[in-house]
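Keep in mind that the numbers below use all heavy atoms, side chains included, and drop hydrogens, waters and symmetry copies.
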Amino acid sequence: RFAQPLAPAGMAFWKAVGGTLETASRGLVAGVQLGLNEDSNRACKEAAERTAKAAATVGMDAGGFVASAAAPAVQGIGHGAAAAGCAVADVVTFGRVPGLCKVRDDQAARAGRRFDQAEAGAARVAQARTPAFNDTPIDAGPWMSSLPHSRQVSDLFLPGTHDSVARIGGDFVECQSWTITDQLRSGIRCFDLRFRMVGDAFCGHHGSFYQEINFGGVADQFEAFLNGYPSEVIFVSITGNGCAHASECDFQDLLQSKILHRGNNTHMWEMFSVHLGSATVGQLRSRIVAYHGECWGAQPIDRQDDWELGDAGAKWEKVLCHATQERSPSTLYVNNLTSTGADGMTYSTPAAIAYQVNSKALGAVSRFRPGIYLMDYPGTALVSGVVGRNFQ
């Protein structure tokens with residue numbers, strides 16, 4: 001059902017092939033020089049590291065495609081064959097076998113669900129783009145400028161991203177394709193950031209996969225955006241969740257040190273730890289503030305984050321229930337539209353879940369109540385839909 005080729009996996013594959021040849025040739029050069037030329041040695045090492053990274057991406061993409069697309073397709077064929085067999089048997093027996101029609105319909109429904117899962121499982125690798133999923137980012141402008149200063153944060157509809165910098169590592173790991181700047185321009189205002197401490201550095205990670213960006217690179221993009229659009233507010237969660245730290249530093253102390261050394265933009269972080277329960281938009285414009293994190297964001301939070309669900313239907317039920325439940329005053333509601341995990345004999349990657357759940361969310365956004373909505377691979381129409389609820 002996809003018009004786009006399997007470009008990302010193909011590019012990584014050819015990078016791995018080319019890297020292997022480059023590593024071999026540079027290894028020969030270094031060997032001829034008996035390992036005495038530091039430049040040749042370094043070039044060989046860097047080529048090997050690039051090759052390893054490309055090979056890992058190919059493996060993760062291939063594994064993700066097999067588990068979340070090929071396996072459900074095979075199961076779908078099996079259920080379809082069973083449904084067809086029941087239909088034939090029903091005709092041959094003149095409809096006299098009790099329950100046969102029910103079994104046929106059940107198998108047909110199971111086949112349909114598996115084929116939907118197969119389509120979703122191929123979505124990222126096949127570069128699928130829909131209004132709710134991973135389409136081209138747009139310029140949504142400073143939409144918060146239209147909000148009254150008196151609007152409480154707990155009354156806002158805020159689009160956000162989960163694992164906001166996870167753009168490297170293959171289908172099992174990646175959660176976004178847009179950069180931080182792309183996300184900001186498209187209307188995203190909430191960010192889930194995971195950093196691994198390495199010495200005194202904050203390195204962007206998803207699990208063990210380094211995302212080739214550190215705290216400073218993220219902060220630079222935040223600050224540049226606020227310098228251009230001072231009416232806006234950026235909400236962040238900064239944690240070390242899932243990271244094996246390589247540092248003797250305390251996470252909170254190191255983060256505070258990073259914030260205090262932002263030069264001329266330090267003022268943007270001065271309300272980072274403000275209590276958001278009763279804060280208003282007017283108090284926070286042109287600021288970066290924590291809605292959650294390690295030792296930050298102390299306000300009451302009601303959160304839905306069942307992230308280990310491989311069944312997109314079950315995940316959507318969780319999302320919709322949380323999105324439509326009654327709200328308590330001065331409480332932030334954080335709703336993760338994201339998950340990944342096993343579903344029987346198959347596995348759903350972050351993109352596979354997002355492809356299905358985001359689409360359902362776009363159709364139901366008019367029913368949502370205020371809160372932070374964190375997404376993988378958001379589509380511009382879905383982001384705009386959440387934003388639009390602030391003005392209805």
Side-chain angles (χ1 to χ4, degrees), residues 1-14 57-58 60-70 72-73 113-141 143 159-192 206 211 312-313 315-316 319 336-340 347-365 373-388:
R1 298 192 212 180
F2 300 111
Q4 297 291 335
L6 304 183
M11 290 175 61
F13 173 77
W14 289 115
T57 298
V58 171
M60 295 296 273
D61 277 341
F65 183 83
V66 170
S68 62
R113 287 196 297 270
R114 287 307 184 191
F115 287 133
D116 286 343
Q117 185 182 357
E119 177 185 4
R124 176 193 157 276
V125 177
Q127 293 187 301
R129 303 190 188 282
T130 75
F133 178 86
N134 202 33
D135 59 351
T136 303
I138 61 172
D139 188 353
W143 64 264
T161 51
H162 154 261
D163 258 308
S164 303
V165 300
R167 302 174 60 237
I168 295 172
D171 211 13
F172 284 113
V173 178
E174 295 173 29
C175 299
Q176 311 297 334
S177 65
W178 297 350
T179 65
I180 293 295
T181 297
D182 287 337
Q183 294 175 37
L184 286 163
R185 289 180 61 250
S186 295
I188 297 294
R189 293 294 180 268
C190 298
F191 297 85
D192 167 32
H206 186 185
Q211 298 301 311
K315 177 62 184 183
W316 169 242
V319 170
N336 282 64
L337 280 66
T338 63
S339 68
T340 184
Y347 190 94
S348 294
T349 62
I353 294 293
Y355 185 77
Q356 298 177 80
V357 171
N358 288 7
S359 177
K360 293 179 183 295
L362 179 58
V365 71
Y373 292 89
L374 300 179
M375 300 167 270
D376 286 339
Y377 298 103
T380 54
L382 179 54
V383 175
S384 297
V386 175
V387 169

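Between the CG atom of Leu374 and the CG atom of Asp163 there is a distance of 10.0 Å, given to the nearest 0.5 Å. With rounding to the nearest 0.5 angstrom, the CH2 atom of Trp178 is 9.0 Å from the OG1 atom of Thr136. Summarising the geometry, atom OH belonging to Tyr373 is positioned 14.0 Å from atom OG1 belonging to Thr338; distances are rounded to the nearest 0.5 Å. For the atom pair Tyr347 OH and Asp171 CG, the distance stands at 10.5 Å (nearest 0.5 Å). To the nearest 0.5 Å, atoms CZ (Arg189) and CG (Leu184) are separated by 6.0 Å. Taking CG of Asp182 as the reference point, atom CZ of Arg167 lies at 7.5 Å (rounded to 0.5 Å).
The side chain to side chain contact (heavy atoms under 4.5 Å, CB included) test applied to Ser339 returns Leu309, Lys315, Ile353, not counting sequence neighbours.
Under the 4.5 Å side-chain criterion, counting only non-hydrogen atoms from C-beta, Asp376 is in contact with Gln176.
Residues Val386 and Pro159 come closest through the heavy atom pair CG1-N, 3.7 Å. Listed here is the closest heavy atom pair of Asn134 and Arg129: O-NH1, 2.6 Å. Between Val173 and His206, the shortest heavy-atom distance links the atoms O-ND1, 2.6 Å. Closest non-hydrogen pair, Pro137 versus Ser186, comes out as CB-OG, 3.2 Å. Across all non-hydrogen atoms, the minimal contact from Asn358 to Pro378 is ND2-CA, 3.9 Å.
A perpendicular orientation is assigned to the rings of Tyr355 and Phe133, their planes being inclined by more than 60° (bins at 30° and 60°).
Thr161 and Gln183 are linked by a side-chain donor-acceptor pair at a separation below 3.5 angstrom, with hydrogens and angles left out of the test.
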